[in-house]
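Everything on this sheet refers to the single structure shown next.
Because only heavy atoms are used, hydrogens play no part in the values below, and waters and symmetry mates are left out as well, while side chains stay in.
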Amino acid sequence: MSFTSIPILDLQLARDPATKPEFLEQLRYALLEVGFLYLKNVGIPEDLFQDVIKKGKGFFDLPLEEKLKIEMKNANSFLGYSQLSAEITAGEIDRREQIDLSTEHPVPSPGAPLYHNLLAPNQWPAEDYAPGFRATYTDYMKRMGDVSLYFTSLIAEAIKLPGDAFNKYFDEDQQHKLKIVKYPDMAELGQEGGQGQGVGPHKDSMLTSYLLQATSHRGLQVQNVQGEWIDCPPIDGTLVVAIGQGMEALTQGVCVSTTHRVLSPAAGSGARYSIPFFQGVKLDAEFDDLETVGVGRVPDDVRAQRSKVIERTGGRIDDVEFTFRAGAVAKTLGEAALRNRVKSHPDVGERWYPDILRAIREEQAAAAAAAKKSAAGPGPAAGVAPKAVEAH
């Protein structure tokens, strides 16, 4: 049997030498069996969490003309505001409104690789309309960056690697990203029944991500290996941690990255708000290095433990594209990240990266044609085009 609930871990246990072994054992279970966990006592003041939530919700109440001044398609960095239904996941439109932010970097120097455009200043709402917004989120992203690096060291220890095993995949001034997301309820979307796609099935791309669920709505679901969707409801005082494809790749499949989705809130329940933080990875890192060197061989006993999980659960449901690997068009993580952003935000791609968008659409058309041909061919098997993967 696969998991039927999401484990809750207390980060305070890791800070005490007497209880750290217990924490690492709990973390190993979550990494090998689930790929998701709740984390409490992360070390960020409660008043900052509440300020982040208040200012995050308040952003969406700004006049539309103010939000459009910082619209994502105004910049080639994929940072900024996205109107409702501007993003695509798994080939379908996501019913959400959002703003993308990151730990800030200067504009890239002339001659830098194209994917360095992702390293850029934020588009902030005007201080007159959103007083304190920039200061609050700058503080929060800095603190969450520290939390993510500490937690990544604990992941390494949980699978019996040195605590600094992942450090070589971070820049000294690492860029992390954050979204503030509003999911309108079904009535606001003009639909009284059925299920809406807040965001479609996907896996987060890099190492770890940390979700602050800012309202009491259910909606986040995680898929186990039997294909069942397991609810991941809000729990006060916790962040939801998702293991990314990068962590799975670097640990040779020991740490599992798990498919998840968000359903639109039911009609009449009001909007759902969430604030995910995504730990960054060095964009200049090359896939060849990641795949041939990685973090070094995970110890045999941990690998054997993961093998037993696969045996017991009967494998995994997995029709989400795995993009954390080398390809003919992506030699570095930065190139792959840029392509993923173009794929999920075609309006930005059309303006700033038309050649990349054209190549992606040609690949998608070829994949769809191959799937159609396979489905029409002899035999009981039918082809299915892989779903797109983006970080959310």
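- Glu172 has no carboxylate O lying under 4.0 Å from a charged side-chain N of Lys282, or vice versa, which leaves the two without a salt bridge.
- The ring-ring contact (aromatic ring centres under 6.0 Å, His included) search around Tyr115 returns none, not counting sequence neighbours.
- Legend: residues meeting salt bridge (Lys or Arg N to Asp or Glu O under 4.0 Å) with Asp100, ordered by chain and number and at least two apart, are Lys179, Arg341.
- Aromatic ring centres of Phe78 and Tyr353: separated by under 6.0 Å.
- Residues passing the salt bridge (Lys or Arg N to Asp or Glu O under 4.0 Å) test with Lys40: none are found, sequence neighbours excluded.
- Taking the charged nitrogens against the carboxylate oxygens, Lys142 and Asp146 do have a contact shorter than 4.0 Å, which makes a salt bridge.
- Glu350 and Arg361 are joined by a salt bridge, as a carboxylate oxygen and a charged side-chain nitrogen come within less than 4.0 angstrom of each other.
- With salt bridges taken as basic N to acidic carboxylate O contacts below 4.0 Å, none links Arg306 and Glu33.
- Taking a 6.0 Å sphere around CZ of Arg351, one finds it holds more than 12 heavy atoms contributed by other residues, nucleotides or ligands.
- Screening Glu97, Lys69, Gln98 against Tyr81 for a side-chain hydrogen bond (donor to acceptor under 3.5 Å, both in side chains) leaves a single residue, Glu97.
- Look at Glu363 and Arg339 and you find a salt bridge, because one of the NZ, NE, NH1 or NH2 atoms lies within 4.0 Å of a carboxylate O, short of that distance.
- Between the side chains of Thr136 and Asp51, at least one donor N or O lies within less than 3.5 Å of an accepting N or O.
- Considering only residues two or more places apart in sequence or on other chains, Asp139 meets the salt bridge (Lys or Arg N to Asp or Glu O under 4.0 Å) condition with Arg143.
- By the salt bridge (Lys or Arg N to Asp or Glu O under 4.0 Å) test, Lys54 is found to be paired with no residue, residues two or more places apart in sequence or in another chain being considered.
- A side-chain N or O of Ser209 and one of Asp204 form a donor-acceptor pair less than 3.5 Å apart.
- The ring-ring contact (aromatic ring centres under 6.0 Å, His included) test applied to His176 returns Phe277, not counting sequence neighbours.
- Clustering ILVMFWY residues whenever any of their side-chain heavy atoms sit less than 4.5 angstrom apart, transitively, puts Leu114 in the very cluster that holds Val348.
- Ile70 and Met141 fall within the same hydrophobic cluster, defined by Ile, Leu, Val, Met, Phe, Trp and Tyr side-chain heavy atoms under 4.5 Å apart, directly or through other members.
- When the side chains of ILVMFWY residues are joined at heavy-atom separations under 4.5 Å, either directly or via intervening members, Met72 and Phe60 end up in two distinct hydrophobic clusters.
- Closest heavy-atom contact between Val240 and Leu220: CG1-CD2, 4.2 Å.
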